[in-house]
Amino acid sequence: MKYLYLDASDMNETVLQAANEKQIFHESFKTERDLASKLPSLIDFILEKAELSKKDLDCLAICAGPGSLTGLRVAMSFFRLVAFAGSYKLVSLNLFELIRESMRLKGEKGEVSIILPTLINSAFAITCNLEEDEKLQQPRLIQLSEAKDLLGKKVGMACAADIAEEICIAPEAIDTIIKKKYETAASDFKDILKVLPMYIIPSQAERKLEAIK
Amino acid sequence: MKILGIESSCDDTSVAIVEDGVRILGSKISSQIEIHRRFGGVVPEVASRKHLEALLPILKEVLEEASLELSDIDLFASTAGPGLIGPLLVGLSAAKAAAWFFGKPFLPVHHLEAHLTAAFLSNERLPSYPFIGIIISGGHSSLVLAKAPRNYEILARTIDDAPGELYDKIARYLGLGYPGGPVIQKIAENGDSERYSLPEPLKNDYARFSFSGLKTAVIRLAEKEKNNLSVPDLCASLQKTVAEVIGLKLEHALQNNSVKTLAIAGGVAANVAVRAKADELSRRYGLDLYMPSLKLCTDNAAMVAAHAYLIKDSANPETLNAGAVSSIELGSDWN
């Protein structure tokens, strides 16, 4: 399968992955909060490396987060438009499933808690068993101080280094999940509209309003 | 030449297709006013989310309205600044995506320059340079001598609040609703504009607007008058004062620059008192007056597409690398 994947959930670094039928091409770029300017040329770069043209692609895939909401929105706005313009299937992936798959590929087993920091002193967390192929539960918003009480091994991304072991997402994990989700991916206009950043964090104004209520 | 424009600099998501800079083939605006009303103003994070949700559906509607496919578009443009960064990035990224996918040019458009072009677009005309233009809205008040599509001399600008911001703040203080401009205008219909004498800030300073002192004066007056305050009279007096202040600066600019055209633009250009003042000045000085239709006064994508037509020759592969900027002078380069 030929696809193009984009992860802009990290404020400073953007991941692009393209695959042709023989090989996976995975690159990280220092985009330093300037993704909107650089994105077209980065995509051209990865497609050229994979010897793919836009027309060759079977689908687009995008990381829905959680993470930098601005980065996710830039990426989503770009990919949703391209999916619409080119009638591509659009696969939505999240960091929880990518971390779980990366750990499985490393041969890890048992119960883990995946912790992804969000607001100051808080994080989204999911507990799952790597040997069971169950659908991931909805993440819970927890205080970082609660992280030690979560079950199993605590893992997360680099930004959770103080409380959890850092797991690097493997290109093969991205590839596996894209292929797994391809058949059921967003394919018509209404489906594409449902592909949005996951786990919207309320803005300060919304939290204030909620507190007043 | 068919240009698709996207506007998302604040709380309106808009997409439009304009042919040859003057004919609107399709145009839609998705307003977030109801969403932000409960906060009493625009919340950038909420606005960004809503832009992402609204953009693709209205893009599809506009293509249907124009009976066109996305592949029929010759050039894609979006507002790149000034504005709220999060919202701007959503529109900019979508327009760049379309340009990238179809291998067509992309142009970043200056929000205020586009507003000035809207004044002419309402008459299906391209701007005739030079002209004196004023952009008055919730975020801006700039008086300019427009010499060419990307060449402006700033003659006056606000040092504090913009007039639309003044209306929003006064309306919020008096509990009249949001946005303030249309509410105040409605209430002022039944008021006496001579009832309250309000100060005309920086009356003799032709390079600066100031509306903050006027806001304070209105609040003090309301506190002093208490139950005797006539809100319709206050609204009418306030509208008259704002129009007078704007008129004074406009008249000075007209006296000191040789132009045949006057253009007023921006959300506050929808205000009846401001329109009447501009009309009076244009008659007195024998000028062609261009004002946007009420639909084109507020933020819209038709003005973005129309302005992109004026600067289409500046499109090149580098313009696809343009980013969004929250603050940028009229006529400035994007890099």
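Each chain gets a letter, A, B and so on, in the order its sequence line appears, and its residues count up from 1.
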Contacting region of A:F189 [heavy-atom separation from chain B under 4.5 Å]: side chain
Region of A:I192 in contact with chain B, defined by heavy-atom distances below 4.5 Å: side chain
For residues [X] and [Y], determine if any side-chain heavy atom of one lies less than 4.5 Å from a side-chain heavy atom of the other.
X: B:L59; Y: A:L81; answer: yes
X: A:R73; Y: B:L89; answer: no
X: B:K96; Y: A:L39; answer: no
X: B:P57; Y: A:L193; answer: yes

A:K54 side-chain N/O to B:F102 backbone N/O, donor-acceptor pair under 3.5 Å: no
Qualifying residue for side chain to side chain contact (heavy atoms under 4.5 Å, CB included) with A:S77, from B:L52, B:L92, B:L56: B:L52
Geometric class of the B:F101/A:Y88 ring pair [parallel <30°, tilted 30-60°, perpendicular >60°]: perpendicular
Considering all heavy atoms, the nearest B:G323-A:S37 contact: CA-OG, 3.4 Å
Enclosure of [X] [atom1] (heavy-atom neighbours >12, cutoff 6.0 Å):
X: B:D333; atom1: CG; answer: no
X: B:E69; atom1: CD; answer: no
X: B:E64; atom1: CD; answer: yes
X: A:E146; atom1: CD; answer: yes
X: A:R140; atom1: CZ; answer: no

Option that, when pairs with chain A are counted at under 4.5 Å, heavy atom only, ranks first among B:A95, B:A322, B:G86: B:A322
Most chain B-contacting option - heavy-atom pairs closer than 4.5 Å, from A:G86, A:A75, A:P40: A:P40
B:L63 portion near chain A, given a 4.5 angstrom heavy-atom threshold: side chain
Contacting moiety of B:E53, where chain A heavy atoms sit under 4.5 Å: both
A:F84 six-ring face occupied by B:K60 cation (under 6.0 Å, within 45°): no
